[in-house]
K.L.:
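So that we are looking at the same thing, I have put the structure below in structure tokens.
The first residue in the sequence is number 1, and the count goes up from there.
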Amino acid sequence: TKAGGWRHVEWTARTVPDENRVYAVVRDVTDRNALAEALADGEARYRTLVHNLPNSAVATFDHDLRFTFAAGEALRPARLQRDVIGRTLAEATPEHATELAPRYRAALGGHAQSFEFTAFNQRDYWVQLTPLRDGDGAIAGGMMLTQEITPLKQAERGLADAEERFRTAFEQAPIGMG
């Protein structure tokens with residue numbers, strides 16, 4: 001540019017041999033390229049976030065309960081890796097499909113929900129299912145957010161056991177306690 005800056009341009013040219021001419025059009029694509037780069041940066045940040053949430057996972061699904069996206073640490077222990085994409089809930093988790101399908105369908109009906117779930121691997125998960133809406137507000141699919149809470153649940157059970165032992169010892173002691 002006259003000011004010393006740079007602009008990105010896109011050229012299109014066509015030769016016309018009969019006229020010994022070349023017709024060319026040049027288009028400034030600087031803004032388009034900047035938007036594409038910003039979109040790519042945002043996508044990279046999003047993927048980094050989703051893939052690195054500790055003990056968590058994110059998945060999206062369509063109206064056929066077919067997974068369209070899945071990422072996160074919590075997929076590994078549940079044996080749900082990237083191959084879950086394109087598979088239905090029944091194909092991905094046949095052991096729990098009957099129990100989970102009504103919850104997934106409720107999210108597709110607009111009813112977000114949260115619940116705890118113990119999977120076949122005896123790990124405990126907190127699960128949140130929410131509808132995904134398109135630009136017009138229509139429900140285009142659903143999203144599942146999950147976090148493994150096995151250590152928390154084990155700690156809760158340990159605390160409850162310790163309290164029960166204390167209560168038993170206190171109530172059944174042969175001598176008075178204070």
K.L.:
Measure the OG1-CE distance between Thr68 and Met143 for me, rounded to the nearest 0.5 Å.
P.N.:
11.0 Å
K.L.:
Considering residues at least two apart in sequence or located in another chain, which fulfil the salt bridge (charged side-chain N to carboxylate O under 4.0 Å, His left out) criterion with Glu37?
P.N.:
none
K.L.:
Taking all non-hydrogen atoms of both residues into account, name the closest pair between Ala92 and Arg87 and its distance.
P.N.:
CA-NH2, 3.5 Å
K.L.:
Does the Thr60 side chain pair with the main chain of Phe69, one donor and one acceptor, at a distance under 3.5 Å?
P.N.:
yes
K.L.:
Looking at every non-hydrogen atom in both residues, tell me the closest pair between Gly141 and Leu108 and how far apart they are.
P.N.:
C-CD2, 3.4 Å
K.L.:
For the residue pair Ala70 and Val84, what are the closest heavy atoms and their distance?
P.N.:
CB-CG1, 3.4 Å
K.L.:
With side-chain contact (heavy atoms from CB on, under 4.5 Å) as the criterion, how do Thr146 and Phe117 come out once you've worked through the C-alpha distance, each side chain's angles and the decisive distance to 0.1 Å?
P.N.:
CA-CA 10 Å; Thr146 186; Phe117 178 73; over 6 Å; no
K.L.:
In Å, rounded to the nearest 0.5 Å, how long is the span from OH of Tyr125 to OG1 of Thr118?
P.N.:
10.0 Å
K.L.:
Do the rings of Tyr104 and Phe61 sit parallel, tilted or perpendicular, given the 30° and 60° boundaries?
P.N.:
tilted
K.L.:
For Leu65 and Ala101, which heavy atoms make the closest approach, and how far apart are they?
P.N.:
CD1-CB, 4.1 Å
K.L.:
Just grab all the salt bridge (Lys or Arg N to Asp or Glu O under 4.0 Å) pairs involving residues 22-33, residues at least two apart or on different chains.
P.N.:
Arg7-Asp28, Glu10-Arg27, Glu10-Arg32
K.L.:
For the residue pair Leu39 and Glu43, establish whether any side-chain heavy-atom pair is separated by less than 4.5 Å.
P.N.:
no
K.L.:
When you compare the side chain of Phe115 with that of Leu129, does any pair of heavy atoms fall below 4.5 Å?
P.N.:
yes
K.L.:
Considering non-hydrogen atoms only, spot the tightest contact between Ala112 and Thr130 and give its length.
P.N.:
CB-CG2, 3.9 Å
K.L.:
Testing the basics here: between Gln128 and Ser114, what is the closest heavy-atom pair and its distance to 0.1 Å?
P.N.:
CG-OG, 3.6 Å
K.L.:
Find the distance between CD (Glu91) and CZ (Arg66) and round it off to the nearest 0.5 Å.
P.N.:
5.5 Å
K.L.:
I need the Leu89 CG to Arg103 CZ distance, nearest 0.5 Å.
P.N.:
12.5 Å
